[in-house]
Asker: 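Sending over a structure as structure tokens; questions will come in a sec.
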Amino acid sequence: MTISMPRGTYDVLPDEIHRWHYVERVARDVARRYHFSEVRTPIFEHTELFQRGVGETTDIVEKEMYTFTDRKGRSLTLRPEGTAAVVRSFIEHKVYAQPQPTKWYYLGPMFRYERPQSGRFRQFVQFGAEVLGADDPSVDAEIIAMVDDLLQELGIRQYRLELNSLGCPQCRPRHREALLAHLRPLREALCADCQSRLERNPLRILDCKNERCRELTADTPSILEHLCSACADHFAGVRKFLDELGISYIVNPRMVRGLDYYTQTAFEFIAESVGAVGTIAAGGRYNGLVASLGGQDVPGIGFATGLERLLAVMAAEGVEPPAPPALDCFVVAVGEESRTAAVSLLHRLRKAGLAADLDHLNRKVKAQLKAADRLQAKYVLILGEDELSRGTVQLRRMADGVQEEIPLEAAVERVSMQSMGDAVEQTLLSMMTGKAGPGADH
RNA sequence: GCGAUCGUGGCGAAGUGGUUAACGCACCGGAUUGUGGCUCCGGCAUGCAUGGGUUCGACUCCCAUCGAUCGCCCCA
């Protein structure tokens, strides 16, 4: 048997890589405009970082981590998410001693041992950003606005933003008690999952998809009614800024986040009609995380989005990222004699900045032209013995087959000028028609 | 971790317990002299995910394993 890729992984082949490049480019550009700097942390960390950072009782830590022991017996784990490592880095390099706030973003693979399904993989790519050292509601709004901009710019239209506040260590316990008091009498009527959630994580019961559970918990005490005044003020502040920015949202008091570290603001961007997993971006505030990982009491907020899901939603909405540029020039050599000259010509084209190639399979002229056509070469330079003796080449424009014989010396410059001219023409055309061309802004 | 469906050449896709496993696309070559996109001709799976089993005989039936897709849990 030949070896295949591990479960839950995928190859991005060259014919679709441009979609990835496009999303990555837009993400980085949004980050630039929001004034976030990129941080790159290791793909693996000490297991303990995630146990403490993500939370011992979370599904991620309990059953989804890729953990292994290295040759010295250390327990290491492939990162399942980005925030813990960013915070670790922030603390480790004493970045809190520098002017605050710290605004970092990351873009890279994460790993979770889960059953693959649509929009879910074992290795997947997240783009995320964190603001450390500022707890003003305007920061929460900024993070949310950033995600909103990202989605807009990728051409994604059908999504909604759900917002909630999870309170803080002062008010959350009060809500929890009220919740338990309400739910305990209903215990027997709840679904099996919810019964087990009851003592462990009662908040999750509110998020249950089960019809019966939903009915039973319909009039359950809301976290929003139990917020302390600080959290209530903060939540009101976030809403005020979002309203000011014209970002619409739905307050969902039943929304829960999977990771233990969230406090106050929590949000989810949900795609309207895409498979079972509709969440394409999510995040929230985590004011206790830095301290719990051994740093100062520094507030934080962030988000993460899965690129596979963005790509899936884009495909579902018919958004087509700009195609990669075609090959500028294909050099056709006729006969062995001209091959040396052809290789030399090819080299000069490339040195001049053109994307150029030639046939390496010793194909006949016809087949070489066919290859050039398939590669969508804009121009073809044909070099045979006749041309060689005359010191010329045939310059053929593939779009219409117009061909002329030009001096060999002028070939590189001619193709350069023509290609450039084509590009300018394209741009002008797209400006006039108002349609987005390659590299044009949206 | 649980459930459903599925697994035939690079891709799509017929097929039936029994002779050489259709077809389409793609790819490669050819249709005499050095020229693409059309047309025509030819080539392209000693094998039907893997391993067992049933049978005189299995790609076709059974079991297991692996994988894919989708859903649950949970999550980006």
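Because the structure is predicted, anything quoted here is derived from the model rather than measured. Lettering of chains follows the sequences in order, A, B, ..., and the numbering in each one begins at 1.
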Asker: Within this structure, what is the CG-to-C1' distance between Asp386(A) and U33(B), rounded to whole angstrom?
Answerer: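 Asp386(A) atom CG is separated from U33(B) atom C1' by 12 Å.
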Asker: C72(B), G29(B), G34(B): which one has an atom nearest the side-chain heavy atoms of Ile382(A)?
Answerer: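 In terms of side-chain proximity for Ile382(A), the closest of C72(B), G29(B), G34(B) is G34(B).
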Asker: Kindly determine whether Phe267(A) and Glu162(A) satisfy side chain to side chain contact (heavy atoms under 4.5 Å, CB included), including the steps that lead there.
Answerer: CA-CA 6 Å; Phe267(A) 61 89; Glu162(A) 294 195 356; over 6 Å; no
Asker: Can you tell me the base-pairing partner of C61(B)? Count Watson-Crick or G-U wobble geometry only, both distances below 3.5 Å, and say none if there is no partner.
Answerer: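 In the structure as shown, C61(B) has G53(B) as its Watson-Crick or wobble partner.
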Asker: CZ of Arg122(A) versus P of C66(B): gap in Å, rounded?
Answerer: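 About 11 Å, once rounded to whole Å.
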Asker: Nearest of G34(B), A76(B), G29(B) to any side-chain atom of Gln394(A)?
Answerer: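 Out of G34(B), A76(B), G29(B), the nucleotide with an atom closest to Gln394(A)'s side chain is G34(B).
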Asker: Is the CD atom of Glu92(A) crowded by more than 12 outside heavy atoms at less than 6.0 Å?
Answerer: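 More than 12 heavy atoms, drawn from other residues, nucleotides or ligands, come within 6.0 Å of this atom.
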Asker: Test for a donor-acceptor pair under 3.5 Å between the base of A68(B) and the side chain of Arg7(A), counting only N and O atoms.
Answerer: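 Between A68(B) and Arg7(A), which were checked side chain against base, a qualifying N/O pair under 3.5 Å is absent.
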Asker: With a 3.5 angstrom cut-off on both distances, give the Watson-Crick or G-U wobble partner of A31(B), or none if there isn't one.
Answerer: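 With both distances under 3.5 Å, A31(B) matches U39(B).
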Asker: Could you work out which one of G30(B), C2(B), U35(B) sits closest to the side chain of Lys364(A)?
Answerer: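 For the Lys364(A) side chain, the nearest candidate turns out to be G30(B).
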Asker: Kindly point out which of G36(B), C72(B), G34(B) is positioned nearest to the side chain of Gln117(A)?
Answerer: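 Of the options given, the side chain of Gln117(A) lies nearest C72(B).
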Asker: Please state the C1' separation for the pair U16(B) and U20(B) - nearest whole angstrom.
Answerer: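 Pairwise C1' distance, U16(B) against U20(B), rounds to 16 Å.
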Asker: From the set C74(B), G34(B), G71(B), return the single nucleotide nearest to any side-chain atom of Val365(A).
Answerer: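 Within the option list, the nearest is G34(B).
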Asker: Show me the donor-acceptor pairs within less than 3.5 Å that the side chains of residues 406-418 of chain A make with the rest of the protein, sequence neighbours left out.
Answerer:
{"from": "Arg414(A)", "atom 1": "NH2", "to": "Glu404(A)", "atom 2": "OE2", "distance (Å)": "2.5"}
{"from": "Ser416(A)", "atom 1": "OG", "to": "Val412(A)", "atom 2": "O", "distance (Å)": "3.1"}
{"from": "Gln418(A)", "atom 1": "OE1", "to": "Tyr379(A)", "atom 2": "OH", "distance (Å)": "3.2"}

Asker: Measure the distance from CG on Asp15(A) to P on G10(B) and round it to the nearest whole Å.
Answerer: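 Distance check: Asp15(A) CG to G10(B) P gives 17 Å.
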Asker: Quick check for you: among G34(B), G67(B), G36(B), whose closest atom lies nearest to any side-chain atom of Arg396(A)?
Answerer: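 Of the options given, the side chain of Arg396(A) lies nearest G36(B).
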Asker: Just the rounded figure in Å: distance from C1' of A76(B) to CE of Met255(A).
Answerer: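 Rounding to the nearest Å, CE of Met255(A) and C1' of A76(B) are 14 Å apart.
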Asker: Under 3.5 Å for both donor-acceptor distances, Watson-Crick or wobble: does G1(B) have a partner, and if so which one?
Answerer: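 Per the H-bond distance test, C72(B).
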Asker: Without decimals, in angstroms, what is the distance between Leu151(A) CG and A76(B) P?
Answerer: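 Whole-Å distance recorded here is 15 Å.
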Asker: Students often get this wrong, so: under 4.0 angstrom with heavy atoms, is Gly401(A) touching a base, only sugar-phosphate, or nothing?
Answerer: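 Base: the residue Gly401(A), judged by heavy atoms under 4.0 Å, touches a nucleobase.
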Asker: Counting side-chain heavy atoms from CB outward, which of G30(B), U35(B), A76(B) is closest to Arg309(A)?
Answerer: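 Looking only at heavy atoms from C-beta outward on Arg309(A), the closest nucleotide is A76(B).
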Asker: Looking at the side chain of Glu114(A), which of C28(B), U69(B), A76(B) is the nearest nucleotide?
Answerer: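 Nearest nucleotide to the side chain: A76(B).
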Asker: Measure from the side chain of Arg120(A), starting at C-beta and using heavy atoms only, and say which of G36(B), C75(B), C2(B) lies closest.
Answerer: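 Per side-chain heavy atoms of Arg120(A), the pick is C75(B).
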Asker: In whole angstrom, what separates Arg115(A)'s CZ from C70(B)'s P?
Answerer: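 It is 12 Å, rounded to the nearest whole Å.
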Asker: Which is true for Ala281(A) with a 4.0 Å heavy-atom rule: it touches a base, it touches only sugar-phosphate, or it touches nothing?
Answerer: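 Sugar-phosphate, no base atom in range.
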Asker: Determine the Euclidean distance between corresponding C1' atoms of A14(B) and A45(B); express it in Å to zero decimal places.
Answerer: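 Approximately 15 Å lies between the C1' atom of A45(B) and that of A14(B).
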Asker: What interatomic distance, in whole Å, is found between C1' of C59(B) and the corresponding atom of U69(B)?
Answerer: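 The same atom, C1', in both gives a distance of 22 Å.
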Asker: Under the salt bridge (Lys or Arg N to Asp or Glu O under 4.0 Å) test, which residues partner Glu142(A), sequence neighbours left out?
Answerer: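 Applying salt bridge (Lys or Arg N to Asp or Glu O under 4.0 Å) to Glu142(A) gives Lys103(A).
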Asker: Without decimals, in angstroms, what is the distance between Lys366(A) NZ and A31(B) P?
Answerer: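 Checked: the NZ to P distance equals 9 Å.
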Asker: Nearest to the side chain of Ser118(A), which nucleotide is it out of A76(B), G71(B), G67(B)?
Answerer: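 So the nucleotide nearest the side chain must be G71(B).
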Asker: Give the rounded distance in Å between these two atoms: CG of Asp59(A) and C1' of G1(B).
Answerer: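 For the pair Asp59(A) CG and G1(B) C1', the rounded distance is 10 Å.
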Asker: Could you pull out the closest heavy-atom pair between Arg122(A) and Pro116(A), with the gap in Å?
Answerer: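 Shortest heavy-atom contact: NE-CD, 4.4 Å.
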